[in-house]
Amino acid sequence: MRKTIAFFVSMILIIVLAACGNSSQSSSGVQTDVQPEAELVIEASNFQFDQAEYHLKKDVPVQITFKNAEGNHGVLIPGLRLQLSGKNNSAVIIPTEAGEYEVACSIMCGAGHSTMVSKIIVE
């Protein structure tokens, strides 16, 4: 019961933070007029992403594309202010700060949902 409540509180917090708009503390921004220099494809299947970690270069525009191979999933990367799903499956971002960013499934997909995480490492 406590895990369920904690999960819903976390999801509400993520939604509120995602709705707050741009911030000067943002470590990236979704770009519409920038030509990407790199591409990253994140593929999801039941309760896992295709890689445990993904690597990006700092200050290099990258097109991130989400592919849903099995099940119903989405991608949420709060530190990069990015959320992708079947309807909105691609975006160009420019990561401006080096570090590690958590990648999580943004759609409740079943019993293994809470363990469906990966990370992006910006170097």
Side-chain angles (χ1 to χ4, degrees):
M1 179 71 171
R2 287 184 181 180
K3 286 183 181 181
T4 303
I5 293 171
F7 172 76
F8 285 116
V9 169
S10 298
M11 293 308 293
I12 291 171
L13 180 60
I14 289 170
I15 291 168
V16 168
L17 290 174
C20 288
N22 290 334
S23 167
S24 61
Q25 298 177 351
S26 174
S27 59
S28 81
V30 175
Q31 306 291 317
T32 57
D33 57 346
V34 174
Q35 189 71 10
E37 296 177 26
E39 181 180 15
L40 170 65
V41 177
I42 300 174
E43 189 170 309
S45 60
N46 281 336
F47 313 125
Q48 65 183 2
F49 293 106
D50 62 328
Q51 296 182 36
E53 58 186 46
Y54 304 90
H55 293 267
L56 298 176
K57 301 264 187 224
K58 180 182 173 219
D59 296 325
V60 174
V62 60
Q63 179 167 349
I64 299 179
T65 303
F66 170 66
K67 291 186 178 178
N68 197 7
E70 182 180 17
N72 188 21
H73 307 285
V75 171
L76 178 64
I77 311 167
L80 297 177
R81 303 179 58 89
L82 182 64
Q83 184 170 2
L84 301 173
S85 64
K87 295 178 183 178
N88 178 26
N89 68 342
S90 183
V92 175
I93 67 165
I94 302 174
T96 58
E97 292 184 27
E100 292 187 8
Y101 300 91
E102 182 177 277
V103 178
C105 180
S106 62
I107 298 173
M108 181 56 145
C109 56
H113 173 75
S114 63
T115 61
M116 192 170 170
V117 293
S118 183
K119 64 181 164 182
I120 290 180
I121 299 172
V122 177
E123 303 165 330

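All values reported here derive from a predicted model rather than from experimental measurement.
- Within the 4.5 Å cutoff, side-chain heavy atoms of Asp59 are placed close to those of Thr96.
- Ser85 places no side-chain N or O within donor-acceptor distance of the main-chain N or O of Gly74, the cut-off being under 3.5 Å.
- The side-chain heavy atoms of Ile64 and Val75, taken from C-beta on, include no pair separated by under 4.5 Å.
- Residues Lys58 and Pro95 fail the side-chain proximity criterion, which asks for heavy atoms closer than 4.5 Å.
- Taking both residues in full, the closest heavy atoms of Ala91 and Leu82 are given as CB-CD1, 3.7 Å, listed atom of the first, atom of the second, then distance.
- Of the possible donor and acceptor atoms, none in the side chain of His73 sits under 3.5 Å from a partner among the backbone N and O of Ile107.
- Tracing side-chain contacts under 4.5 Å through hydrophobic residues (I, L, V, M, F, W, Y), one never reaches Tyr54 starting from Phe47; they form parts of separate clusters.
- If you take CD1 on Ile42 and CD1 on Ile120, they are separated by 4.5 Å, rounding to the nearest 0.5 Å.
- Residues Gln63 and Ser90 have side chains in contact (heavy-atom distance under 4.5 Å, counting atoms from C-beta outward).
- Between the side chain of Asn68 and the backbone N or O of Gly86, no donor-acceptor pair lies under 3.5 Å.
- Interatomic distance, Ser45 OG to Met116 CE, rounded to the nearest 0.5 Å: 6.5 Å.
- Across Asn88 and Gln83, no two heavy atoms sit closer than the pair ND2-O, 3.7 Å.
- With rounding to the nearest 0.5 Å, the separation of CD in Glu100 from CD in Glu123 is 10.0 Å.
- Annotation for Ser118 and Glu53: closest pair OG-N, 3.7 Å, computed over non-hydrogen atoms.
- Counting heavy atoms from C-beta outward, Leu76 and Glu102 have side chains that stay 4.5 Å or more apart.
- Side chains of Ile77 and Val103 form a contact here, defined as non-hydrogen atoms less than 4.5 Å apart.
- Scanning all heavy atoms of the two residues, the minimum distance from Glu97 to Val122 falls at O-CG1, 3.5 Å.
- Scanning both residues, Val117 and Ala104, for their nearest heavy atoms gives CG1-CB, 4.3 Å.
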